[in-house]
There are 2 protein chains.
Amino acid sequence: MDLIKEIFRGNPRAVGRAISLVENDGVGARPLMKGIFAGRKDALVLGITGTPGSGKSTLADKLIGQFRRKNKKIGVVAVDPSSPFTGGAVLGDRIRMMGHSTDPGVFIRSMATRGHLGGLAKSTGDAIAILEAAGYDIVLVETVGVGQDEVEVVKLAEFILVVLTPATGDEIQAFKAGIMEIADLFVLNKSDLPAAEKLEVELRAVLDLGLKDQPRPPVVKTSAIEGKGIEHLVREIQNVVSARSSSDRELRRRKLLSWMLRDIAREKMFDWLSRKVPKSEFERYIDKIANRKIDPYSAADEIIARLKKP
Amino acid sequence: MDLIKEIFRGNPRAVGRAISLVENDGVGARPLMKGIFAGRKDALVLGITGTPGSGKSTLADKLIGQFRRKNKKIGVVAVDPSSPFTGGAVLGDRIRMMGHSTDPGVFIRSMATRGHLGGLAKSTGDAIAILEAAGYDIVLVETVGVGQDEVEVVKLAEFILVVLTPATGDEIQAFKAGIMEIADLFVLNKSDLPAAEKLEVELRAVLDLGLKDQPRPPVVKTSAIEGKGIEHLVREIQNVVSARSSSDRELRRRKLLSWMLRDIAREKMFDWLSRKVPKSEFERYIDKIANRKIDPYSAADEIIARLKKP
């Protein structure tokens, strides 16, 4: 089948195949993504992040339900660390969203983190573009944890929800640098628990301290498992998004594209180096560094110098 | 003063200045690191990682005390995310180690994560080499969280302790891909809490599942705040390290150097690109991508192609 044409028609099997292709960085991925980027529409891309156990998947599930009632088509990219240890637990998370798996208006796909950050941002960015091309109105990007790499991936979204909960003893301290700064909205999930109030007070104090004169992002209380607060949450998301000026949206989109372009360039350059300098050459430099014949900086310079020659 | 000479003499002020230099990537950093790598001795580099609240800092503090009783000189590199939000809390953590701040046999230094991962691994690696050159017998690398970037940094250590605790509702699920695999030893801290036994059973089950026929890393129970289990922990660390064959240690060191070399090369190449391609050129490509005139992959190719021309 003509993959690009089928994607623009919204064929979910074509979407799945295309995402596999970019994930494996197969030969067909490159012309595919050219075609996708050329004709892509813009969806509302929502990022959801928060500590494991904060109920992100349940929340995502309820958000999907709410958006479906508004007749929106939804694509979900769940960013998973792939590990023999965590595989099972994470799968359990995914299953929570599976209530929607037979709904043709919902497409759910996991992306595994393999190796390093660069590749994941690239393939998640591609997956978002594919879902946009296929006509999904909303793309949810959900991360499993709150590591720096996941923060980077969630930055691909134009609107970021950070989920906190008193249930797992979430302390503000537990939030890594960068996670508080990027939130467009905070969700206090499992807000029926007694410690919720304390967490909210703490969160607001920390926001006052950190954001000083900047506007504060909204804080919305939910109890995802009971479906409480979800309508309100969707309303708040729409309020914030529609209050943005077109120049603000343009700026966000450029920042995102700039980040994606730099990331791709960085990877491509390193690929170039790896192709041009044989592994045995690298090994020889490691020997020299191990034997204190050269420092790693000078070694890197010498290796790169080989690229500068024709 | 002659910084390199003073470092080899073990002057802590020289060590502090040198680390600032590599952290800020100042002009003097390059010749400095050449000198350091040329004459460096090897310390035992221990990495400590675990979720915030697991008591890592208290544990590090007690480990320092135990090693000091054996007359070992200790350097500590605490890897901190720098954020206006978490700054205060993390500072509190550091203060727990400050009991040793007046001990000339102990050197404690925080490294902030700024920008992205690459830079942090590089500067942490440099800091370790500086401490080794200054004659510290043991270098502790402690991370604040368990994000992917911190996992990467802790890989600079030849022996990695992963700290778990029942206190913060640590679930095995909370551990990111990569963290379980890299542990040379697990510490179950706050092991006097009732849920400790359940966590240990869970951990051992998960290790059996994930490691199959490989040998299991030891699991040591501590209560750092009461100083319980620390002697046993130090003994276990020494057992594992001394059981390693010299070829195994050699292999570990090469892997580490290889990783560091690739990381430095990657950064240097991107610096080269940033110098050679003006910002306005990048902006023009962003325009073209935003207007669907080009896809990001082709744009990256065109930008890199400029480097290939003389």
Side-chain angles (χ1 to χ4, degrees), chain A residues 30 33-34 37-40 51-53 81-86 89-90 113 117 145-149 168-169 171-178 180-181 206 209-210 253-254 257-258 260-261 264-266 268-270 272-273 282 285-286 289-290 292 295-301 303-304 310, chain B residues 30 33-34 37-40 51-53 81-86 89-90 113 117 145-149 168-169 171-178 180-181 206 209-210 253-254 257-258 260-261 264-266 268-270 272-273 282 285-286 289-290 292 295-301 303-304 310:
Chain A
R30 185 58 185 289
M33 288 317 296
K34 280 196 192 195
F37 271 99
R40 197 180 96 238
T51 43
S82 62
S83 160
F85 293 110
T86 53
V90 168
T113 66
L117 158 63
V146 285
Q148 195 62 39
D149 51 345
T168 55
E171 292 168 45
I172 302 300
Q173 184 194 345
F175 281 84
K176 286 183 57 74
M180 303 295 277
E181 290 86 336
V206 150
L209 203 70
R253 190 153 279 271
R254 285 184 69 94
L257 289 174
S258 159
M260 198 173 169
L261 177 61
I264 293 171
R266 193 190 300 267
K268 277 186 176 282
M269 287 193 78
F270 194 69
W272 176 30
L273 184 76
F282 261 108
Y285 275 107
I286 307 281
I289 299 170
R292 316 251 190 274
D295 67 288
Y297 292 92
S298 307
D301 280 338
I303 291 170
I304 293 170
Chain B
R30 183 62 183 287
M33 288 316 298
K34 281 196 192 193
F37 271 99
R40 197 180 94 236
T51 42
S82 63
S83 160
F85 293 110
T86 54
V90 169
T113 65
L117 159 61
V146 285
Q148 195 64 36
D149 52 345
T168 53
E171 292 169 46
I172 304 298
Q173 183 195 346
F175 281 83
K176 285 183 58 73
M180 304 295 278
E181 289 87 336
V206 152
L209 202 72
R253 189 155 280 273
R254 284 183 71 93
L257 289 174
S258 159
M260 198 174 167
L261 177 60
I264 293 171
R266 194 191 297 268
K268 277 186 176 286
M269 287 192 76
F270 194 69
W272 176 29
L273 184 76
F282 261 107
Y285 275 106
I286 307 280
I289 300 170
R292 315 251 190 274
D295 69 288
Y297 292 92
S298 308
D301 280 340
I303 291 170
I304 292 169

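Numbers restart at 1 for each chain; the letters A, B, ... are given by sequence-line order, proteins then strands. Only heavy atoms go into these numbers, but all of them, side chains included; no hydrogens, no water, no symmetry mates.
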- Query: Can you say whether Ile286(B) sits under 4.5 Å from chain A via the side chain, the backbone, both, or neither, judging by heavy atoms?
  - Reply: both
- Item | Region of Leu257(A) in contact with chain B, defined by heavy-atom distances below 4.5 Å | both
- Message: Between Arg254(A) and chain B, with a heavy-atom cut-off of 4.5 Å, which part of the residue counts as in contact: side chain, backbone, both or neither?
- Response: both
- Heavy-atom pair of closest approach, residues Ala300(A) and Leu261(B): N-CD1, 3.7 Å
- Which heavy atom of Ala265(B) sits nearest a heavy atom of Leu273(A), and at what distance? CB-CD2, 3.9 Å
Nearest 0.5 Å, what's the [atom1]-[atom2] distance between [X] and [Y]?
X	Y	atom1	atom2	value
Phe270(A)	Phe270(B)	CZ	CZ	14.5 Å
Asp295(B)	Ile264(A)	CG	CD1	8.0 Å
Arg253(A)	Ile289(B)	CZ	CD1	12.0 Å
Lys268(A)	Asp301(B)	NZ	CG	4.0 Å

- Message: Taking the side chain as everything from C-beta on, heavy atoms only, tell me whether Phe282(B) gets closer than 4.5 Å to Ser258(A).
- Response: no
